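In the text below, chain A, chain B and the rest are named by the order of the sequence lines, each starting its count at 1. Source: prediction; values computed, not measured.
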There are 2 protein chains.
Amino acid sequence: MGQQPHVTLDDVARAATVSLATASRVLNGTARVRADLRDRVLAAAEDLAYTPNAHAQALAGASSQVMGVICHDVSDPYFAGIARGVMRAATEHDLQVIMGSTFRDPAREVAYVSMMRGQRVRAVLLIGSGFEDRGWQEEMRRELGLYTAAGGRVAAVSRHRGLRIDSVLPENRAGAAALARALLDLGHREFAVLTGPRALTTVVDRLGGFTDALAEAGVTLAADQIVEGAFTRDGGYAAATELLGRGLRATCVFASTDVMAVGALAALRDHGLTVPADVSLAGFDDIPIIRDLTPSLTTVALPLEDLGKGVLELILRPERTARSRIERVPGTVVLRASTSAPPERKRRRTLPDSPLTELRPSP
Amino acid sequence: MGQQPHVTLDDVARAATVSLATASRVLNGTARVRADLRDRVLAAAEDLAYTPNAHAQALAGASSQVMGVICHDVSDPYFAGIARGVMRAATEHDLQVIMGSTFRDPAREVAYVSMMRGQRVRAVLLIGSGFEDRGWQEEMRRELGLYTAAGGRVAAVSRHRGLRIDSVLPENRAGAAALARALLDLGHREFAVLTGPRALTTVVDRLGGFTDALAEAGVTLAADQIVEGAFTRDGGYAAATELLGRGLRATCVFASTDVMAVGALAALRDHGLTVPADVSLAGFDDIPIIRDLTPSLTTVALPLEDLGKGVLELILRPERTARSRIERVPGTVVLRASTSAPPERKRRRTLPDSPLTELRPSP
DNA sequence: GCGCTTTCAGTAAGCGCTTTCTGGCGTACG
DNA sequence: CGTACGCCAGAAAGCGCTTACTGAAAGCGC
């Protein structure tokens, strides 16, 4: 149980009877070294199971092989999908990943950037919408400024207000518009929307694209048919419940994310509605599981893994211009079983205004 | 765009007109420092937005604040749940996390341990079953040995053959046995099992516990009713399809994991069977989504987040004994809509032996 | 054959911290 | 009043690397 220290480059050099510098050069391939010396070094390193001390390397000026990734919640399928792409690309490029989960706390996000600055990571990847609070935006701008000023690189999936950073942007606006048109084509004219926190760019874009496309078709969205909720399954459930409480006056509900749609589906069902017979439901993102729901969910498919792989590779490419680089990734409307033509007039009229009342036990 | 370097402790000391040593002591609270000096240092650090260089700290001997986490796939809901718990605990303890995703490649697992040794992480956390291959077990043992010999700590969720390491162990055997008894109580006597890769401890334990409990009730499991598949949704789908191809002779199917069960559910449905009317289906783990499936899945619930939090905190506790510490976490049987009493004899007899044939287009 | 360039191994100077050691000062005690 | 001691700030020695810089040997032209 003797606590033997780590094998150092010095040990390797000694074992190979060469100088420290030579050993370093061989191991990094930095310069030509006579074949026999090189072989001795390689053999010694192998023998001693030498692994360079990353801290020493970093301190001595070698470029960092560690990337920082910040997301809201690693267990959210949306982030998980993107994270998978990031990990895949990181593996391919021999990069390590420090993962940060903010649990949706803006203070934690700022703290992570600071900590990653301390770790001298090669780049920071922001996955998911930034926070709406003006104060935190300032904090982030300052913290990221400190980091980039010292040579750090920052990139994001999704738009960040007020931050000019490289990004891979899902085309939320166009995707939502395309979805709206597909829904109109099905015959729907009355819609409700379940959004996430209102000031997130993702939310604004998806809602905006959706309503714009409706407007083009001469359809308007009643204000009381838009409900804001948290970007979680339970947030979707709560939002849908709220909508039902207000009185559902729509033949089709659009949830800003699939995760919310999953909750909404449960809420609609719990309140006695059948999807899509009574009401159609659509989401956004195409997280894997929604294919297996009953009914399978209509959505706007985003290539989540590619998004992750994309940011990582975007940030790896050396920048030529001072302007931030933006890569747009389109979404694809996927019509599944949760959407259908709206119920016939007659049938719809028989629906209770608020199904909630129906469920209350009679006094 | 002048690439200004990072602020160093030296800058702080200079700004506060104290020595480097004093600044270090103040910032770390290592020793008493006169109040006015301390205030000056603190103010200077704040002013300059100083963040210590983690590499320099590590190199100079400060204990690492970084943990290494290795899992098979960050986007698998089982790992995602555990990872969430790990991240939560890490946040609470002010620890950073380097995440590794092996994509189920044993070579990558070994490579990650080596790299984490290079990063001098404080501990390595293995999430998920180890690999069955004897050769890779040897590789891992060697690599982990190198790491622990140098003072590293290792812990795991799930049993690792041949590796004596601290672990948080879900009670797979007892959980599966309890599930079997619950299923027997429902009236089932004929079972089929969809397992993951056979030599994984998790698989062995779950299958073993299940069959043991059946045996106790005098029920045996036909060999051809056990199908091995990959630990993925598609693996579950394929395994269930294989089972149907062989001829399903069971009123209840147990999938080793919920993820597989999701695939199995889809396969059963695609082949014209209704769950649970025609056949009951149960899984294991209780990943969040299965509550929202139709039918919602019966399972053995594991507190995934607690598992993650548990390993991290287990490894943080200083070890007293040389023996590996093991913390057992029980699972809870949760009966949901995917299981019911077996269909009545009469009805079952009318089912085709192999529904597959029915679906083939007539020639 | 002499002085030039070229090639390549070795020496040493940091990188930014922590921590031991040194030393100055103020207080308590003989 | 002088000596011993405690307290706390500063000087300096690394931690394990990378990378100039140094210098020895070898190859070349005249």
Self-check item: Candidate pair B:D39 and B:R34, rule salt bridge (Lys or Arg N to Asp or Glu O under 4.0 Å), full reasoning
Solution: CA-CA 9 Å; B:D39 292 348; B:R34 207 173 356 122; over 6 Å; no

Practice problem: May I ask you to decide whether B:E109 forms a salt bridge with B:R104, counting only side-chain N to carboxylate O separations under 4.0 Å? | Solution: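 The answer is no: the pair does not qualify as a salt bridge.
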
Exercise. Salt-bridge test for B:R141 and B:E138: reply yes if a basic N is under 4.0 Å from a carboxylate O, no otherwise.
Key: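 Salt bridge: yes.
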
If you look at every strand shown and take non-hydrogen atoms under 4.0 Å, does [X] touch a base, only sugar-phosphate, or nothing?
X	result
A:L37	sugar-phosphate
B:S24	base
A:R34	sugar-phosphate

Quiz item: Do any side-chain nitrogens or oxygens of A:S19 fall under 4.0 Å of OP1 or OP2 in C:dG10?
Solution: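 Yes, such a contact exists.
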
Practice problem: Establish, with yes or no, whether the OP1 or OP2 oxygen of D:dC15 is under 4.0 angstrom from a side-chain nitrogen or oxygen of A:N53. | Solution: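 Negative; the distance criterion is not met.
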
Atom [atom1] of [X] to atom [atom2] of [N]: distance rounded to whole Å?
X	N	atom1	atom2	result
A:L27	D:dC17	CG	C1'	11 Å
A:R25	D:dT19	CZ	C1'	8 Å
B:D36	D:dC8	CG	P	12 Å
B:R40	D:dG10	CZ	C1'	13 Å
A:Q57	D:dT19	CD	P	10 Å
B:R32	D:dA9	CZ	P	9 Å
A:D11	D:dC15	CG	P	12 Å
A:Q65	D:dC17	CD	P	15 Å

Taking the side chain of [X] as heavy atoms from C-beta outward, which of [options] is closest to it?
X	options	value
B:L59	D:dT18, D:dT19, C:dG16	C:dG16
B:T22	D:dG16, D:dA9, C:dA9	D:dA9
B:T8	D:dG16, C:dC17, D:dG10	C:dC17
A:L20	D:dC17, C:dC17, C:dA9	D:dC17

Quiz item: Under 6.0 Å between the ring centres of B:H72 and B:F79?
Solution: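 So the answer is yes for these two rings.
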
Quiz item: Side chain of B:R120, base of D:dG16: donor and acceptor closer than 3.5 Å?
Solution: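 No, the side chain and the base share no sub-3.5 Å donor-acceptor pair.
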
Self-check item: Partner nucleotide, any strand, of C:dG30 [Watson-Crick/G-U, under 3.5 Å]
Solution: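 Checking every strand shown, C:dG30 finds its partner in D:dC1, with both distances under 3.5 Å.
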
Quiz item: Which one is paired to D:dG29, where only Watson-Crick or G-U wobble pairs with both distances under 3.5 angstrom count?
Solution: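 Partner of D:dG29: C:dC2.
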
Exercise. Please tell me which of A:A60 and B:G61 maps to the more 5' nucleotide of DNA chain C, matching each residue to the nucleotide holding its nearest heavy atom.
Key: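 The answer here is A:A60.
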
Quiz item: Would A:K309 and A:E313 count as a salt bridge (Lys or Arg N to Asp or Glu O under 4.0 Å) if you check the C-alpha gap in whole Å, the side-chain angles of each, and the deciding distance to 0.1 Å?
Solution: CA-CA 6 Å; A:K309 201 158 187 281; A:E313 287 173 349; 3.7 Å; yes

Exercise. Report yes or no: is the cationic atom of A:R88 (NZ for Lys, CZ for Arg) under 6.0 Å from the centre of the six-membered ring of B:F103, at an angle within 45° of the ring normal?
Key: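 Pair A:R88/B:F103 counts as cation-pi.
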
Self-check item: Along DNA chain D (nearest heavy atom to each residue), the more 5'-positioned of B:A21 and A:L9
Solution: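 Nearest-nucleotide comparison on DNA chain D picks B:A21.
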
